[in-house]
Peer 1: 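Pasting in a structure now, in structure tokens, and then I'll have a few things to ask.
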Amino acid sequence: MAFFLVFDRADFGMKTIVRSVAPTIMGMWWYVTAYATFLALLPFLSKGLRAFGEHMHYALAITVLAIWGLTSFIPGTSGVNDSVFGFIYLFILISAYKWYMKPFTLKQTWLMTGTGLGFFLLYTCASVMLSLFGIDKGIFIAGSFKLPVIMVGFGMFLLFDPLSFRSRIINRIARSAFAVYLITDHPATRTLLWKHLFVLENLYQQPFAILQILGILLTIYLVSAL
């Protein structure tokens with residue numbers, strides 16, 4: 001906020017100032033607000049799920065999978081959006097696995113991950129075919145908290161969980177990731193980056209557009225990290 005008040009007041013209104021002073025309760029960054037709320041509820045949620053016991057916990061996991069998991073394959077249905085409910089949804093599923101289930105074998109993990117990727121491919125092909133008839137549904141199956149996304153994400157964590165290595169470079173990059181997110185997803189920063197400094201639409205038809213865009217993103221990440 002202080003940076004933009006000094007260098008770029010044109011893109012900084014009173015509403016943004018108020019949101020910058022109290023970013024969590026004002027929802028400036030959805031992830032921060034949702035995760036902070038989830039952490040406040042987590043002790044009670046964890047104790048409550050423990051009190052349920054194994055069978056009730058499984059019943060709850062199956063229920064949320066039916067409500068928000070299976071319906072994610074149907075366009076137009078209301079699923080879990082980018083809110084605290086998304087974190088609660090994931091915690092219900094992951095805690096059921098961690099507390100009561102036998103660890104997945106490598107074959108089961110690859111099967112789950114491959115199935116999720118298969119749904120991506122299937123819906124991509126269907127989206128392309130529908131677009132030929134003027135029906136634009138997009139690849140909605142790849143949205144936040146959709147079941148295939150959870151399958152692939154959970155599978156990747158399980159695949160890498162047994163590995164153990166340490167890298168000072170990776171740790172340093174990882175520590176900067178949250179700060180980069182806060183900087184680049186600030187409303188005033190988004191306006192500065194994508195409407196003034198880098199108008200990506202102007203690059204789409206140029207040679208090596210993908211390489212240029214990747215170079216821009218890498219530069220933004222490095223500057224923000226510094």
Side-chain angles (χ1 to χ4, degrees), residues 1 3-13 15-17 19-20 23 27-34 72-83 86 113-153 155-156 160 169-170 172-226:
M1 181 188 69
F3 175 86
F4 281 99
L5 285 177
V6 173
F7 296 103
D8 189 17
R9 289 191 182 185
D11 297 320
F12 214 84
K15 181 179 178 180
T16 307
I17 293 176
R19 295 180 69 199
S20 297
M28 172 161 284
W29 298 281
W30 79 264
Y31 177 84
V32 177
T33 299
S72 65
F73 293 96
I74 305 172
T77 55
S78 59
V80 181
N81 55 13
D82 296 334
S83 68
T113 307
T115 302
L117 292 173
F119 281 120
F120 291 151
L121 180 61
L122 176 63
Y123 275 74
T124 301
C125 294
S127 177
V128 172
M129 292 298 295
L130 289 173
S131 67
L132 298 177
F133 297 95
I135 303 174
D136 185 16
K137 289 296 182 182
I139 313 173
F140 65 91
I141 201 69
S144 302
F145 301 107
K146 299 292 187 180
L147 186 55
V149 175
I150 294 175
M151 294 170 69
V152 174
M156 291 179 64
F160 282 93
I169 296 176
I170 292 177
R172 195 170 288 270
I173 294 173
R175 283 198 297 269
S176 70
F178 186 57
V180 172
Y181 163 68
L182 296 179
I183 293 170
T184 56
D185 203 41
H186 190 279
T189 310
R190 290 201 304 267
T191 301
L192 175 64
L193 288 176
W194 309 121
K195 291 187 178 180
H196 299 320
L197 297 180
F198 308 107
V199 184
L200 298 186
E201 288 85 351
N202 298 335
L203 299 177
Y204 288 162
Q205 303 304 322
Q206 295 185 16
F208 308 107
I210 293 178
L211 293 180
Q212 292 185 63
I213 292 172
L214 289 176
I216 290 171
L217 297 179
L218 181 60
T219 301
I220 292 172
Y221 193 99
L222 291 175
V223 171
S224 299
L226 292 174

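Owing to the predicted nature of the structure, the values given are computational and were not obtained by experimental measurement.
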Peer 1: Do Leu218 and Leu222 come within less than 4.5 Å of each other through their side chains, counting heavy atoms only?
Peer 2: yes
Peer 1: I'd like to check Leu5 versus Ile17 (side-chain heavy atoms, cut-off strictly below 4.5 Å). Are they in contact?
Peer 2: yes
Peer 1: Do Phe4 and Thr16 have side-chain heavy atoms sitting under 4.5 Å apart?
Peer 2: no
Peer 1: What is the distance from atom CD1 of Ile173 to atom OH of Tyr221, rounded to the nearest 0.5 Å?
Peer 2: 6.5 Å
Peer 1: Between Tyr123 and Gly118 (side chain of the first, backbone of the second, donor and acceptor by atom type, cut-off under 3.5 Å), is there such a pair?
Peer 2: no
Peer 1: So does Ile183 get a backbone contact from the side chain of Thr189, meaning a donor-acceptor N/O pair under 3.5 Å?
Peer 2: yes
Peer 1: Show every salt bridge (charged side-chain N to carboxylate O under 4.0 Å, His left out) that has at least one partner inside residues 213-226, sequence neighbours left out.
Peer 2: none
Peer 1: Quick one: are Leu182 and Trp29 in side-chain contact, heavy atoms under 4.5 Å?
Peer 2: yes
Peer 1: Can you check whether Ile216 reaches Leu203 side chain to side chain, under 4.5 Å on heavy atoms?
Peer 2: yes
Peer 1: Look at the aromatic rings of Phe145 and Trp30 and report parallel, tilted or perpendicular, splitting at 30° and 60°.
Peer 2: perpendicular
Peer 1: If you look only at pairs with a residue in residues 190-201, which of them pass as a salt bridge (charged side-chain N to carboxylate O under 4.0 Å, His left out), with sequence neighbours excluded?
Peer 2: Asp185-Arg190
Peer 1: So, taking the atom named CG in Leu147 and the one named OG1 in Thr115, what distance separates them when rounded to the nearest 0.5 Å?
Peer 2: 10.0 Å
